[in-house]
Amino acid sequence: MARTADPERRREVLDAVVAQLAETGISSFTLRGLAEALGQSTRVLTHHFADKGALLTAVLDRLDERQHDALRATEGWADPSVAVGSLVRSAWRRHLDPAELPMTRLVREIEGLAAAGRLPAPAPAFVRGRAGFVAGCLARRGVPEAEALVLATLLNAAYSGLQADRLGTGDGARCDAALDGLCDWIDRAVEQAARR
């Protein structure tokens, strides 16, 4: 009789897999290579995840959960009196912190693979659902729901583009100045939308 996977142990294994993929990338991982890097056998992985596809789906779901948790934990996230630009700047600092940088690069890699149609899994929720999640933050600040979704889409696209530029070019001063412009724009846009 097959042994049932322990959910807590599954989460530990999954977090170890995510941490490893943040160091090595996701585009060409194998179960065997991943297991070796973790000092485990492939049976440990297949005990918790049926196959590579199931593991990849679980990784993407876990990344989505972690990203949302980090945003919710940002000081002021749920406080409508805190400007959205302040939240964006906090996320920028967190994503570019040396301790978080491998995870940020992993997210950028996944987004690129999804955009290129090369991600061997359905588009992850943190790519598909990101606009809705951020729109909720804007709606708490008085932006009508439909407009919040459009503004969130623009904000996310600009933020991702600036982050990719910063990571790709290393030009911190230029990208940080552009981020300031983005933060000023979103704060004005939220204020205007909330007044209507």
Side-chain angles (χ1 to χ4, degrees), residues 1-75 77-78 87 90-137 152 156-157 159-168 170:
M1 181 194 295
R3 202 174 63 176
T4 305
D6 172 21
E8 186 59 36
R9 177 66 181 135
R10 183 181 193 273
R11 168 74 55 106
E12 290 171 8
V13 169
L14 185 56
D15 283 341
V17 167
V18 168
Q20 181 60 37
L21 292 174
E23 295 299 325
T24 61
I26 199 166
S27 61
S28 62
F29 85 91
T30 63
L31 287 179
R32 180 177 306 231
L34 190 55
E36 287 174 8
L38 296 173
Q40 303 286 334
S41 72
T42 54
R43 286 192 339 194
V44 169
L45 295 177
T46 57
H47 173 71
H48 295 283
F49 311 98
D51 54 25
K52 182 179 174 178
L55 175 60
L56 182 57
T57 297
V59 163
L60 297 174
D61 289 345
R62 181 67 177 132
L63 281 170
D64 180 51
E65 179 184 347
R66 286 171 64 163
Q67 285 196 322
H68 287 179
D69 288 348
L71 282 172
R72 283 187 201 101
T74 302
E75 188 174 340
W77 178 261
L87 303 174
S90 292
W92 184 261
R93 286 189 298 273
R94 183 178 66 251
H95 289 146
L96 296 176
D97 182 276
E100 185 70 15
L101 203 49
M103 201 64 62
T104 299
R105 290 185 187 282
L106 177 62
V107 169
R108 292 280 82 81
E109 179 187 7
I110 291 167
E111 289 173 343
L113 291 170
R118 294 189 186 125
L119 190 64
F126 71 83
V127 173
R128 283 191 330 267
R130 183 181 297 148
F133 184 77
V134 172
C137 176
N156 290 340
Y159 182 90
S160 292
L162 284 174
Q163 195 174 75
D165 190 341
R166 169 79 187 267
L167 293 172

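Keep in mind it's a predicted model, so treat the numbers as computed, not measured.
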In Å, rounded to the nearest 0.5 Å, how long is the span from [atom1] of [X] to [atom2] of [Y]?
X    : Y    : atom1 : atom2 : value
R166 : H95  : CZ    : NE2   : 13.5 Å
L106 : S27  : CG    : OG    : 10.0 Å
L21  : L34  : CG    : CG    : 5.5 Å
R9   : L14  : CZ    : CG    : 11.5 Å
R105 : L96  : CZ    : CG    : 9.0 Å
T104 : L167 : OG1   : CG    : 7.0 Å

*Quick one: does F49's side chain get under 4.5 Å of T57's, heavy atoms only?*
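F49 does not reach T57 side chain to side chain.
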
At their closest point, which heavy atom of [X] faces which heavy atom of [Y], and how far apart are they?
X    : Y    : result
E75  : L87  : O-CD2, 3.4 Å
S90  : T74  : CB-CG2, 3.7 Å
L71  : A91  : CD2-CB, 4.4 Å
V17  : L45  : CG2-CD2, 3.9 Å
H48  : D6   : CE1-O, 4.1 Å
A131 : A152 : O-CB, 3.3 Å

Look only at the side chain of [X] and the backbone of [Y], and say whether a donor-acceptor pair between them is shorter than 3.5 Å.
X    : Y    : answer
H47  : R43  : no
E109 : I26  : yes
E23  : P102 : no

Quick one: do [X] and [Y] make a salt bridge, cutoff under 4.0 Å?
X    : Y    : result
E65  : R11  : yes
R130 : E111 : yes
R94  : D97  : no

*Would L63 and V18 satisfy side-chain contact (heavy atoms from CB on, under 4.5 Å), going step by step from the backbone distance to the final call?*
CA-CA 8 Å; L63 281 170; V18 168; 3.8 Å; yes

*Using 30° and 60° as the class limits, which term best fits the ring planes of Y159 and W92: parallel, tilted or perpendicular?*
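Rings of Y159 and W92: perpendicular, over 60°.
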
*So F29 and L56, side-chain contact (heavy atoms from CB on, under 4.5 Å) or not? Walk me through it.*
CA-CA 10 Å; F29 85 91; L56 182 57; 4.1 Å; yes

*Evaluate the criterion salt bridge (Lys or Arg N to Asp or Glu O under 4.0 Å) for residue pair R66 and D69; output intermediate values, then yes/no.*
CA-CA 5 Å; R66 286 171 64 163; D69 288 348; over 6 Å; no

